[in-house]
Structures are given as C-alpha cells and as structure tokens.
Amino acid sequence: MLTNTTLNMPAAAPPLSEKRRLLTANITAGTFKNFAEQVFWLSENRDSSYVCFANVHMLIEAYKDRDFNRVLNDADVAAPDGGPLSKLMKLLYGQQQDRVAGMDLMPELLAQAAARGKSVYFYGSTDDVLEAVVKTAKQKHPELKIAGYYSPPFRKLTDIEDTSIVNMINDTNPDLVFVALGCPKQERWMADHKGKVNACMLGVGQAYMTFAGLEKRLPKWARDLSIEWIYRLCQEPKRLWKRYLVTNSMFVALTLKLLAQRMVSKKTDQQVLG
C-alpha cells in the first residue's frame with residue numbers, strides 16, 4: 001500500500017480552522033503559519049475560493065451592512081488583520097491569536113509560491129503600482145511564476161467587460177489571485193466572482209504599496225500596540241479621518257457593550273449555580 005511516506009510526499013494540509021464570532025462576523029482562528037497553509041490548501045482543494053483580511057473598519061462595515069456581513073462570513077478564510085481583532089479574540093475565547101495582516105501574509109505567500117512552484121496573478125490598483133509590485137516580486141523571487149497582472153477601470157464594469165476579465169485571468173491558470181481594490185469593493189468583487197475565477201482570491205488592499213516599497217510601515221513594536229491606523233490617518237487625513245473617527249469609536253462602544261453583557265451573564269450563571 002502506497003503512503004505519503006512511501007512516495008516521499010508531504011502530508012495533506014490540515015482542514016480549515018474554525019471561525020469565531022466577533023460582533024456579527026465570523027473570523028478564522030489560527031497561527032500565522034497556519035493561515036499560509038490554509039491558503040495553499042484552498043488553492044489545491046477548491047476550484048474557487050476567497051480570503052478576507054478583517055480589520056476594525058471591515059468588522060464595523062459588516063455590522064452596519066447585512067449584505068456585506070454575508071460577504072465576509074461567506075469567505076473561506078477571514079483572517080484577523082487588525083491587532084484589536086486578534087486581541088479581542090484572545091479576550092473572548094481565551095486562546096492566543098496571531099495578527100494575520102495582508103501586508104505580512106502576502107510576502108510570505110509569494111515566497112512560498114515560488115518554493116512550491118505555484119503561480120500568482122495581481123489584480124487591481126493602478127498600472128504604475130502593479131509594475132512596481134511585479135518588479136519587486138521578480139527581484140525577490142526570480143523563480144516565482146507570475147501568471148499576469150491587470151488594472152481594471154475605476155468604474156463599474158459592463159457584463160461583457162467583466163466576463164472578458166474573468167476569462168483573461170482563468171486563461172493564465174493562476175493558483176493565487178491577489179486583489180487590491182480597497183475595502184469593501186475588493187471583498188464584494190471576490191464574493192461575486194467565487195465560482196467564476198478559478199483560483200484562491202485574496203483581498204490584500206494596501207499590501208501592494210508596502211510590498212513594493214511605495215509606502216512605509218511603522219516598526220513592529222508600534223504595530224503590536226495597534227496604532228498603525230494613526231500613521232495611515234496622518235498620511236491621508238482628508239480621506240480617512242471620518243472612517244477612523246466613526247469606526248474606531250463604534251468598535252470601542254460595541255466591544256465594551258459585549259464585555260459588559262458577558263460579565264452580567266457570567267454573574268447570573270454563578271448565582272444560579274450557587
């Protein structure tokens with residue numbers, strides 16, 4: 001009887017990790033390393049899938065918009081991109097949870113794709129940014145198979161245009177498709193194209209910019225303190241001030257409410273048992 005050991009092949013990746021409820025969204029648990037394994041498992045075991053990287057903004061968007069909440073919950077994997085989410089998961093469920101940011105996982109996935117012989121496709125952003133991303137990827141991983149890249153028009157596509165783009169991507173037969181259209185547009189695009197794009201799609205947002213060196217990130221110690229949003233706010237105050245003022249305040253309020261409800265429930269249970 002042939003086994004993986006006999007064939008000198010690695011064992012199959014473990015099944016997808018469980019999801020845990022944060023407000024109205026289901027966020028995937030696991031270590032950073034495990035998330036990379038799950039992405040490649042999806043690329044090898046499912047014809048079409050998508051991965052979201054959830055931060056506070058996305059969590060609040062899902063809370064306010066039922067349709068977007070469905071988009072997030074239907075993701076095959078929803079990584080806790082933001083530090084506050086990973087910390088809240090640990091607080092609620094009592095287990096250590098790594099922060100799995102798209103800006104960190106994308107470079108790791110590209111390195112592993114090169115080592116595994118997998119091909120990648122870059123979709124979204126501008127032509128200039130895409131060219132910088134491809135150039136950087138080739139410099140860091142000369143053996144990486146880049147199936148293609150495309151910057152779509154910044155408007156609603158016609159059905160004919162959309163079909164043409166899907167066919168163009170599928171014709172290159174990629175294993176992973178990195179999508180950078182901004183939240184929530186990229187998540188909606190992936191959900192709409194699950195079953196159409198034959199690959200594992202990943203909504204990585206600003207990861208293109210940091211990977212290509214077009215935008216700096218704060219030091220790790222600052223990211224660990226969950227203050228990266230302040231840096232981004234300083235970069236784009238006119239565009240982001242309202243988002244952070246509303247979403248961060250709402251997240252804090254909803255989190256405090258949730259923790260208070262859990263505390264009351266725990267006291268009630270103790271009184272009943274007592």
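- Nearest heavy-atom pair, Pro107 versus Met103, reported as atom, atom and distance to 0.1 Å: CD-O, 3.1 Å.
- The minimum heavy-atom distance between Gly102 and Phe53, with the atom names listed, is N-CD2, 3.5 Å.
- In this structure, Leu85 and Gln97 have side chains that are not in contact, with every pair of non-hydrogen atoms separated by 4.5 Å or more.
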Please list, one pair per line, the donor and acceptor atoms closer than 3.5 Å that link side chains of residues 187-200 to other protein atoms, with sequence neighbours excluded.
unit_1	atom_1	unit_2	atom_2	d
Arg188	NH1	Asp67	OD2	2.8
Arg188	NH2	Asp65	OD2	2.9
His193	ND1	Trp189	O	2.7
His193	NE2	Asp162	OD1	2.7
His193	NE2	Asp162	OD2	3.2
Lys194	NZ	Asp76	OD1	3.1
Lys194	NZ	Asp76	OD2	3.4

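- In terms of heavy atoms, Thr172 sits closest to Met168 at CG2-O, 3.4 Å.
- Heavy-atom minimum distance, Pro80 versus Met89: CB-SD, 3.9 Å.
- For the pair Pro174 and Val120, the minimum side-chain heavy-atom distance is 4.5 Å or more.
- The closest side-chain heavy-atom distance from Val71 to Pro184 is not below 4.5 Å.
- When the shell of 6.0 Å around CG of Asp47 is examined, it contains 12 or fewer heavy atoms from other residues, nucleotides or ligands.
- Under the 30°/60° scheme for interplanar angles, the aromatic rings of Tyr208 and Phe122 are found to stand perpendicular.
- Proximity of Met201 to Ser49: side-chain heavy atoms (C-beta onward) are nowhere separated by under 4.5 Å.
- Put simply, the side chain of Asp98 never gets that close to the backbone of Val100: no donor and acceptor are under 3.5 Å apart.
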For Glu61 and Arg66: C-alpha separation, side-chain torsions, deciding distance, then whether salt bridge (charged side-chain N to carboxylate O under 4.0 Å, His left out) applies.
CA-CA 9 Å; Glu61 285 296 314; Arg66 181 178 297 180; over 6 Å; no

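- Ala29 and Gln38 get closest at one heavy-atom pair: O-NE2, 4.2 Å.
- Under a 3.5 Å cut-off, the side chain of Thr28 and the backbone N or O of Ala78 do form a donor-acceptor pair.
- Asp159 CG to Ser164 OG: the interatomic distance, rounded to the nearest 0.5 Å, is 12.5 Å.
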Take Arg20 and Asn26 through the test side-chain contact (heavy atoms from CB on, under 4.5 Å) and record every step on the way to the result.
CA-CA 5 Å; Arg20 292 172 178 159; Asn26 299 323; over 6 Å; no

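- Between Phe211 and Gln206, every side-chain heavy-atom pair lies at or beyond the 4.5 Å cut-off.
- The CG atom of Leu59 sits 11.5 Å away from atom CG of Asp81, with the distance rounded to the nearest 0.5 Å.
- At a cut-off of 3.5 Å, with distance as the only test, a side-chain donor of Lys90 or Gln96 sits close to an acceptor on the other residue.
- Residue pairs satisfying the side-chain hydrogen bond (donor to acceptor under 3.5 Å, both in side chains) criterion with at least one member in residues 118-144, sequence neighbours excluded, are listed as follows: Glu44-Lys118, Ser119-Asp175.
- Across every non-hydrogen atom of Ala36 and Glu108, the tightest pair is CB-CG, 4.4 Å.
- Under a hydrophobic clustering in which Ile, Leu, Val, Met, Phe, Trp and Tyr are joined whenever their side-chain heavy atoms come within less than 4.5 Å, directly or via other members, Leu109 and Val51 fall into the same cluster.
- One finds the OG1 atom of Thr247 at 7.5 Å from the NZ atom of Lys64 (value rounded to the nearest 0.5 Å).
- No chain of hydrophobic side-chain contacts below 4.5 Å, direct or via other Ile, Leu, Val, Met, Phe, Trp or Tyr residues, connects Leu181 to Met209.
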Does the side-chain hydrogen bond (donor to acceptor under 3.5 Å, both in side chains) test come out yes or no for Asn69 and Thr24, once each step is laid out?
CA-CA 7 Å; Asn69 193 65; Thr24 59; 2.9 Å; yes

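- Counting heavy atoms from C-beta outward, Ile169 and Ile165 have side chains that approach closer than 4.5 Å.
- Between the side chain of Thr210 and the main chain of Ala207, a donor-acceptor pair closer than 3.5 Å is present.
- In terms of hydrophobic clustering, with Ile, Leu, Val, Met, Phe, Trp and Tyr side chains grouped at heavy-atom distances under 4.5 Å, Leu157 and Leu130 are assigned to different clusters.
- Electrostatic pairing of Glu161 and Arg155 counts as a salt bridge here, judged by a charged N lying under 4.0 Å from a carboxylate O.
- Between the CZ atom of Phe35 and the CG atom of Leu202 there is a distance of 12.0 Å, given to the nearest 0.5 Å.
- Both Tyr149 and Val129 are members of a single hydrophobic cluster when ILVMFWY side chains are connected at heavy-atom separations under 4.5 Å.
- For the pair Leu110/Met106, a side-chain contact is recorded, criterion being any heavy-atom separation below 4.5 Å from C-beta on.
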Could you walk me through whether Leu256 and Val252 pass side-chain contact (heavy atoms from CB on, under 4.5 Å), step by step?
CA-CA 6 Å; Leu256 291 175; Val252 171; 4.0 Å; yes

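- Distance CD1/Ile60 to CG/Leu254: 5.0 Å, rounded to 0.5 Å.
- Considering only heavy atoms from C-beta on, Phe32 stays 4.5 Å or farther from Arg99 through its side chain.
- Both Leu92 and Phe251 are assigned to one and the same hydrophobic cluster, defined by single-linkage of ILVMFWY side chains at heavy-atom distances under 4.5 Å.
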